[in-house]
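Here is the structure we will look at.
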Amino acid sequence: MALLLQNSISIVALVTLLLSSGYSLKAYAQLTGNATHYQPPYMPSACYGYAEQGSMIAQVGEELWNNGLACGKHYQVTCLSGCRDQTVPVTVKIVEHCYKCEFTMILSEEAYDQISYTNGGGWINISYQESI
């Protein structure tokens, strides 16, 4: 009983330390949507202007854009149809807003080609969740 109490106190102390250090224990839901791709050049972007953000990036539609609060967020994206492998996600950084878009996300060509069999054409069904 004393060992259980000591372990419980240790866990509470660890969680308190993490939270006070700015870490988040927020769980992110797995959602579904659709995606297509866009080609370079990827700049300028709504979030970063002419600052290079790499090639594993994406645009998001209105639902995820949230008046620009999506800028810089990372999402794990997994292909659900037309896929190379339904178990291997890609992680993308949000850099742009897709205005009046019919897609959940528009992935960079590099990210899209890693998970899709369509080789830069069409669209795919995806699952996605925000990652830390």
Side-chain angles (χ1 to χ4, degrees):
M1 182 68 166
L3 183 58
L4 179 61
L5 181 60
Q6 184 179 10
N7 286 342
S8 296
I9 291 171
S10 297
I11 290 170
V12 169
L14 179 60
V15 168
T16 302
L17 176 64
L18 287 172
L19 292 175
S20 67
S21 299
Y23 286 93
S24 172
L25 299 178
K26 184 178 178 182
Y28 295 105
Q30 187 80 28
L31 303 169
T32 58
N34 57 16
T36 189
H37 75 98
Y38 69 118
Q39 299 176 336
Y42 299 129
M43 298 177 297
S45 70
C47 300
Y48 299 100
Y50 285 94
E52 175 69 40
Q53 298 301 309
S55 62
M56 299 304 285
I57 57 175
Q59 300 179 19
V60 292
E62 291 299 325
E63 186 175 326
L64 293 176
W65 180 245
N66 196 15
N67 291 318
L69 294 177
C71 286
K73 289 187 178 183
H74 290 84
Y75 284 89
Q76 275 195 327
V77 181
T78 305
C79 181
L80 298 177
S81 66
C83 313
R84 293 188 186 283
D85 186 342
Q86 291 183 340
T87 63
V88 180
V90 294
T91 300
V92 294
K93 181 178 183 178
I94 305 307
V95 299
E96 184 65 79
H97 179 204
C98 175
Y99 298 96
K100 297 181 181 178
C101 189
E102 63 186 75
F103 297 100
T104 308
M105 288 187 186
I106 301 183
L107 305 173
S108 65
E109 187 173 54
E110 293 83 355
Y112 189 81
D113 286 347
Q114 281 191 24
I115 60 174
S116 169
Y117 268 137
T118 61
N119 294 322
W123 59 275
I124 56 174
N125 290 313
I126 59 169
S127 66
Y128 62 95
Q129 72 180 47
E130 190 175 342
S131 61
I132 298 174

Fill in: Qualifying residues under ring pair (Phe, Tyr, Trp, His ring centres under 6.0 Å), relative to Y50, sequence neighbours excluded
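Ring pair (Phe, Tyr, Trp, His ring centres under 6.0 Å) list for Y50, sorted by chain: empty.
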Worksheet item: What residues form a ring pair (Phe, Tyr, Trp, His ring centres under 6.0 Å) with Y42, not counting sequence neighbours?
Response: Y38
Check side-chain contact (heavy atoms from CB on, under 4.5 Å) between [X] and all other residues, then give those that pass, not counting sequence neighbours.
X    : result
Q30  : S127, Q129
N66  : L69
Q114 : M56, V90

Worksheet item: Run the side-chain contact (heavy atoms from CB on, under 4.5 Å) check on T32 and L80 step by step: do they pass?
Response: CA-CA 9 Å; T32 58; L80 298 177; 4.0 Å; yes
Do [X] and [Y] touch side chain to side chain, with heavy atoms closer than 4.5 Å?
X    : Y    : answer
I124 : N34  : no
Y75  : P89  : no
P40  : E109 : yes
I115 : L107 : yes
L64  : M105 : yes

Search all heavy atoms of [X] against all heavy atoms of [Y] and return the closest pair with its distance.
X   : Y    : answer
S81 : C79  : O-SG, 3.1 Å
G61 : C101 : CA-CB, 4.4 Å
C71 : W65  : SG-CH2, 3.6 Å

Do any N or O atoms from the side chain of [X] and from the backbone of [Y] form a donor-acceptor pair under 3.5 angstrom?
X    : Y    : value
T104 : A35  : no
Q76  : S131 : no
R84  : D113 : yes

Fill in: hydrophobic_cluster_shared for V92 and V88, side chain cutoff 4.5 Å
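Not linked; separate clusters.
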Worksheet item: Is there a chain of hydrophobic side chains (I, L, V, M, F, W, Y, each step under 4.5 Å between heavy atoms) that links I57 to M43?
Response: no
Worksheet entry | Sequence neighbours excluded, every pair satisfying side chain to side chain donor-acceptor pair (under 3.5 Å) that has a member inside residues 52-62 | Q53-K93, E62-H97
Worksheet item: From I126 CD1 over to Q86 CD, what is the distance, rounded to the nearest 0.5 angstrom?
Response: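 Spacing of CD1 (I126) from CD (Q86) equals 13.0 Å.
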Fill in: Set of side-chain hydrogen bond (donor to acceptor under 3.5 Å, both in side chains) partners for T91, sequence neighbours left out
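In terms of side-chain hydrogen bond (donor to acceptor under 3.5 Å, both in side chains), with neighbours along the sequence ignored, T91 is linked to no residue.
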